[in-house]
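Working notes for the structure below.
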Amino acid sequence: MIIAIDGPAASGKGTLGQRLATHYGLRHLDTGLIYRAVARTMLDSGHALDDVAHAVAAAKSLDPARFNDALKDQRTGEAASIISAIPEVRAALLAFQRDFAATPPGAVLDGRDIGTVIAPQAEVKIFVTAAPQERARRRAAELRARGEPVDDAALLADIIKRDQRDSTRAIAPLRPAPDAHLLDTTTLDIDAAVKAAIALVERTRRR
Ligand code: C5P
């Protein structure tokens with residue numbers, strides 16, 4: 001089984017994906033980490049984020065060992081949003097994600113274009129949303145827990161800017177697949193969101 005979870009920044013899709021994967025015994029891929037890893041390589045090497053040749057080279061030499069929570073800072077997220085709008089970068093990352101999805105026993109992938117581009121054949125597609133203020137509040141709590149300084153107003157502005165960039169770009173924009181189930185988690189904690197997502201999966205599988 002493949003479960004595709006898409007949604008905007010800090011909507012909770014990563015945690016949801018992880019929990020669903022554990023529940024169903026599937027593998028999990030947070031595809032945001034892939035774009036963040038490429039972005040971090042560009043930042044560390046000092047190349048401009050619109051340097052297509054270097055961004056593609058970074059995408060092609062992707063090291064999954066680098067996909068970890070150290071990439072979850074604001075600066076890397078913002079840079080990831082910029083390099084992810086480059087069609088050649090997305091093309092270079094396609095096979096890795098599709099291979100991951102196709103490997104038995106199946107997988108939960110979360111990102112922006114899983115249900116629309118990476119795995120349109122996924123049995124279950126969930127589009128997770130939450131109000132921008134709530135997403136900013138969650139991201140602020142996460143950053144504070146890691147000891148990072150937080151500017152609440154800047155964080156909300158960053159989330160709104162990233163939503164705008166991700167949903168209006170020409171290639172693989174953030175949008176629900178026509179057959180995706182919408183899950184608004186604004187008033188749900190993570191346990192309630194997981195319960196609602198499992199109910200969606202079960203309902204879809206029964207059909
Ligand atoms: O989900 P996360 O915030 O970690 O993603 C970082 C950035 O990577 C997003 O803002 C988005 O621009 C990009 N991304 C993407 N496609 C995906 C996953 C992430 O374009 N499947």
Side-chain angles (χ1 to χ4, degrees), residues 2-18 20-21 28-43 49-50 52 55-56 58-59 62 64 66-101 107-120 122 125-130 132 134-143 146 148 155-177 180 183 185:
I2 298 174
I3 300 178
I5 304 182
D6 291 301
S11 56
K13 58 191 185 315
T15 311
L16 193 61
Q18 183 63 64
L20 282 182
H28 173 235
L29 181 62
D30 171 351
T31 62
L33 287 179
I34 303 178
Y35 291 92
R36 285 171 181 267
V38 175
R40 179 63 71 79
T41 303
M42 296 294 280
L43 292 172
L49 295 173
D50 60 359
V52 176
V56 170
L62 198 67
R66 287 194 69 193
F67 300 167
N68 59 55
D69 281 357
L71 298 170
K72 294 236 164 172
D73 60 295
Q74 283 303 107
R75 181 167 167 255
T76 308
E78 174 68 16
S81 171
I82 294 170
I83 59 101
S84 69
I86 302 172
E88 294 88 339
V89 168
R90 301 199 77 85
L93 298 173
L94 205 60
F96 175 82
Q97 296 173 82
R98 287 193 171 150
D99 286 350
F100 189 96
V108 181
L109 289 87
D110 68 79
R112 301 293 187 291
D113 62 341
I114 309 303
T116 50
V117 176
I118 302 297
K125 300 178 186 177
I126 302 176
F127 193 85
V128 188
T129 57
E134 173 58 16
R135 289 188 277 129
R137 192 194 62 74
R138 291 177 192 165
R139 185 52 59 86
E142 239 173 68
L143 293 173
R146 288 166 40 186
E148 284 191 40
L155 194 60
L156 177 59
D158 175 77
I159 280 188
I160 292 171
K161 187 166 76 176
R162 204 127 68 83
D163 286 356
Q164 164 80 5
R165 190 187 291 122
D166 290 349
S167 49
T168 57
R169 67 186 175 207
I171 179 152
L174 169 68
R175 71 171 54 129
L183 178 59
T185 67

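Order of appearance sets the numbers: ligands from 1, and atoms from 1 within every ligand.
Proximity of Phe100 to Ile2: side-chain heavy atoms (C-beta onward) are nowhere separated by under 4.5 Å. Residues Asp110 and Leu16 are not in side-chain contact: their nearest non-hydrogen atoms beyond the backbone lie 4.5 Å or more apart. Glu148 places none of its side-chain heavy atoms less than 4.5 Å from the side chain of Gln74.
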Per-pair distances, ligand 1 N/O vs protein N/O, less than 3.5 Å:
from	atom 1	to	atom 2	distance (Å)
ligand 1	1 (O)	Lys13	NZ	3.3
ligand 1	1 (O)	Arg112	NH1	2.8
ligand 1	1 (O)	Arg112	NH2	3.4
ligand 1	3 (O)	Arg36	NH2	3.2
ligand 1	3 (O)	Arg112	NH2	3.3
ligand 1	3 (O)	Arg162	NH1	3.1
ligand 1	4 (O)	Arg36	NE	2.6
ligand 1	4 (O)	Arg36	NH2	3.4
ligand 1	10 (O)	Arg112	NH2	3.4
ligand 1	10 (O)	Arg162	NH1	2.8
ligand 1	10 (O)	Asp166	OD2	2.8
ligand 1	12 (O)	Ser84	OG	2.9
ligand 1	12 (O)	Asp166	OD1	2.7
ligand 1	12 (O)	Asp166	OD2	3.3
ligand 1	16 (N)	Arg90	NH2	3.0
ligand 1	20 (O)	Ser84	OG	3.3
ligand 1	20 (O)	Arg90	NH1	2.8
ligand 1	20 (O)	Arg90	NH2	3.4
ligand 1	20 (O)	Arg169	NH1	2.9
ligand 1	20 (O)	Arg169	NH2	2.9
ligand 1	21 (N)	Thr31	OG1	2.9
ligand 1	21 (N)	Arg112	N	3.1
ligand 1	21 (N)	Asp113	OD1	3.0

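With hydrogens and angles left out, the side-chain atoms of Thr76 and Arg40 include a donor and acceptor closer than 3.5 Å. Side-chain N/O atoms of Thr185 and Arg138 include a donor and acceptor closer than 3.5 Å.
Residues in residues 89-101 take part in these side-chain hydrogen bond (donor to acceptor under 3.5 Å, both in side chains) pairs, two or more places apart or across chains: Tyr35-Arg90, Arg90-Asp113.
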